[in-house]
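To start, the structure itself, in structure tokens.
Lettering follows sequence order; numbering is per chain, from 1.
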Amino acid sequence: MSSAGTRDPEESTVTLQAPFPKNTWYVACTPDEIEEKPLGRTICNEPIVFFRGDEGRVAAVEDFCPHRGAPLSLGFVRDGKLVCGYHGLEMGCDGKCASMPGQRVRGFPSIRAYPVEERHGFVWLWPGDPEKADPSLIPELLWANSPDWAYGGGLYHVRCEYRLMIDNLMDLTHETYVHASSIGQPEIEEAAPETSVNGEEVITSRHMENIPAPPFWQAALRGCGLADDVPVDRWQICRFTPPSHVHIDVGVAHAGHGGYDAPAEVKASSIVVDFITPETDTSIWYFWGMARNFKPEDSELTAKIREGQGKIFAEDLEMLEAQQRNLLRYPERQLLKLNIDGGGVQARRIIDRILTEEREDSQAGATV
Amino acid sequence: MSSAGTRDPEESTVTLQAPFPKNTWYVACTPDEIEEKPLGRTICNEPIVFFRGDEGRVAAVEDFCPHRGAPLSLGFVRDGKLVCGYHGLEMGCDGKCASMPGQRVRGFPSIRAYPVEERHGFVWLWPGDPEKADPSLIPELLWANSPDWAYGGGLYHVRCEYRLMIDNLMDLTHETYVHASSIGQPEIEEAAPETSVNGEEVITSRHMENIPAPPFWQAALRGCGLADDVPVDRWQICRFTPPSHVHIDVGVAHAGHGGYDAPAEVKASSIVVDFITPETDTSIWYFWGMARNFKPEDSELTAKIREGQGKIFAEDLEMLEAQQRNLLRYPERQLLKLNIDGGGVQARRIIDRILTEEREDSQAGATV
Amino acid sequence: MSSAGTRDPEESTVTLQAPFPKNTWYVACTPDEIEEKPLGRTICNEPIVFFRGDEGRVAAVEDFCPHRGAPLSLGFVRDGKLVCGYHGLEMGCDGKCASMPGQRVRGFPSIRAYPVEERHGFVWLWPGDPEKADPSLIPELLWANSPDWAYGGGLYHVRCEYRLMIDNLMDLTHETYVHASSIGQPEIEEAAPETSVNGEEVITSRHMENIPAPPFWQAALRGCGLADDVPVDRWQICRFTPPSHVHIDVGVAHAGHGGYDAPAEVKASSIVVDFITPETDTSIWYFWGMARNFKPEDSELTAKIREGQGKIFAEDLEMLEAQQRNLLRYPERQLLKLNIDGGGVQARRIIDRILTEEREDSQAGATV
């Protein structure tokens, strides 16, 4: 029998190689998700349990008790150990059994422990080779660690493969259609985007000059104490970095002051933050949010922006899931790669290169 | 045809040939379903989007945007073109890209356009070879175009293959059991049916004489201003025509006046209208209704009959879906073909003949 | 065994041999379930309909009408015959068509009839070779037929294979974790269990001395008019018999009076009754209940105990279903067999021996 019987939580398609990089850091969860109890979450097709272990440090091990196969995520944490909720086996953060009532556990089989780090307000997981896990590879996030910035965000589960979400975020033309009532406006599709590649970073920029501000940005201007009924210059600068992070500099400035480079007092801007983590080959955990450097102390504003962004980003989900089903139905069809798709196309090239490297590494390792 | 991976909206069984004729007209939807926005509907295993295109004429194309694979049915219609709701590609009624913001579309791949006609209050689709699509093959429906007739109906989605529904409608013996409280009565199964074949039409008739009227027909008699507590002669004349249309002349007359041939003033009668359209190999869109030539102007009566019929026809669904599951479970079992099954058996023979012709045509075409 | 197309009610894994004994009696239902109408229930991967046939005796036949494949369980019983709810075929308790309106049924194919017995307040089914079905093999159940005893119970559907439930019941260590608020207490896991095998019976016993009574047993002591705030001796004696019955002697006595052997006036005790019937390879019908020999006439107490037990036993379901999914995902992993698992391990050995015998019998039969 093959474990193509993986029906929980998502059916995945059969692939010879995982379609996502493994030797990299993914956002796995936020600290609040493991506050009360362990969190079971499948990442890169692997069921993992996250919990606070020794000294409150985050730990991640396979969600499988070596005693009878129960998911450890149904258990609880006691003294930094994860206690199985079925018969009480105590699992250590290293995947080794620490103890079990009435048993000697020395010979018990271990389960896999994953490199995991808590940083920037997120828990980061390294699903690949633990020996290669280098915390310094976790991206620097200025906005996450500065009192000048505020951040609010959320998490969506989406039944599409992670690259469809990267495409979505690297081509904001879709705002005109999917988000017509909030951030979309005809001027977006009239301004041709430019895509450039800088090492492993892909940048797609779009600048719109002397246009009306759409509703979302009118509200942001008002929030900054600026007139909302005057023409603005608007920008969207999408930055992809592997494996699947997209940050987007977005904003508007009163027209004629230099747009993106305008002085702070005539503009409203922020960073759209997107961490896309594969759950299975065809589903993702989508961590979205917005970081802003105005009124960072205003938590009501943070909540309000978060609510608005949550509604806007939810508009993408039906489209992405329906697109995924269509693509699974016609796997042989070649899609178009237009100039507006340049960001996604370049991002996929970088991902493919990484996947090739991982495959070669793994084959080299196998033949040594 | 391969329908592997067809998980939306129904899992279908693997077949070498589609089990339904393709070069024929099926009812696809009713005009109200495409009034506000495009309609995505799978027919004969193909996901199709229906919309009102140029000059308000009905159009049908593949539900797949050649840009990035999004379903076009999530978009909207503008100036007779179907606009993709993801990035704004404009699709023409012919399956060719008409335009896209900021793009030259001349070299874009086309998608399939389907022959489609609006007639008799329905939208008809030809899923097969477009060159053979002849609108004159759409059946004539007297009741649909005469002021002397009124029609009311509805649509059910049923998880059974289309031939099980044909069997159901060509053997009304089941009324005694499935519809015991409305149109069923023991006298039905006591009267042996007669089946005859006339070219591609199959007719199964049943005449019951001097019997009490069941509740549905008592109400109909009252609706016609006739006594409902006297013996009646009752008839059911089921008429199958390919691919899967069943019309049933039904009615009662006060006993002794000639039954089906009795004069209009002593009878209540109507036509049960059934268009059965395959969604997948094991599911259908079932368009049901009733046409009557008494009180055609009484729209309240139309609504009331429609409601009653809807309840009665819903009684079949559980049985048909459970029957389908049982048949899938025991595919090798031979079912009985009794005299009461004659209508369904003959209808299947005609369908099989058509399927053979289509296969031979397609092979001949392939070898030329 | 082929379970192709078995999508209702549970998908089952493909196995070469059914993983459960067939020549044995399983509890199929309780009499109240067939009081009003026939009951369709899949047992050992076979869809079966149970009904009261001739003279009110329980009957069981395949849930498949030989006419058109409809499930007979959607029909009704008339004069001891099961009438198909689609077209009225009358099925006898022997699986032979008794009659059908307007038809001669002599040549109709038969369906399978199953040996079935009503005894001890349950309906028992023999899914294997009918010639081997011996009602005297149905276990004796003293508590079911004595005025000194009262019984209350219920039925749960659980998506796990039947052996996981046997493991669960033969290792009550899990009470400490899964049922912490009712019957669990730390003292359970501190007392090592002892497992012994007596022919086809497996007995796992655990005795705890001079401990506080957990909430459930405090209530039971009060119910018996005994002090609930004094130390007790507690016992759990789990008895497995094939194919999958588990009875557990449970109770507490005021400490120092001999525990299990203490006189009736200082103890509260009962029998936990568990009949586990495979639905498919990975799902079960779980008949649970409790028999007690104190206050047997107090039906309010019976109802109260039943409600409490139902809540406690429901606590196991999430764990068992999650464990099953984990095991399907990692079929190659070897689980631990600790001393606390001894009861389940021995039970599985007996089951394996029976399965081997059945396979050899069946091969011997095939070659004769």
Practice prompt. Count the heavy atoms of every other residue, nucleotide or ligand shown that sit under 6.0 Å from CZ of B/R57, and state whether that count exceeds 12.
Written response: no
The reported gap from NE2 in B/H87 to CD1 in A/I340 (rounded to nearest 0.5 angstrom) is 5.5 Å
| task | In plain terms, say whether B/E46 and A/R329 are close enough for a salt bridge, that is, a side-chain N and a carboxylate O under 4.0 Å apart. | result | no
Practice item. Could you tell me whether the side chain of B/Y86 reaches within less than 4.5 Å of the side chain of A/T173, counting heavy atoms only? Key: no
| For the side chain of B/R68 and the backbone of A/L336, is there at least one donor-acceptor N/O pair under 3.5 Å apart? | yes
| Validation row: B/F64, A/Y330 side chains within 4.5 angstrom (heavy atoms) | yes
For residues 335-352 of chain A, the salt bridge (charged side-chain N to carboxylate O under 4.0 Å, His left out) pairs (sequence neighbours left out) are A/D167-A/R348
Heavy-atom nearest pair, A/N326 first then B/D63, reads ND2-O, 2.8 Å
In short, side-chain hydrogen bond (donor to acceptor under 3.5 Å, both in side chains) pairs touching residues 207-216 of chain A with sequence neighbours left out are none
Given A/N168, A/T176, A/L327, A/L338, the one with more heavy-atom pairs under 4.5 angstrom with chain B than any other is A/L338
Taking a cut-off of under 4.5 angstrom between non-hydrogen atoms, the residues of residues 311-324 of chain A near chain B are A/E318, A/M319, A/L320, A/A322, A/Q323
Ordered numerically, the heavy-atom neighbours of chain A under 4.5 Å found in residues 99-113 of chain B are B/M100, B/P101, B/Q103, B/F108, B/P109
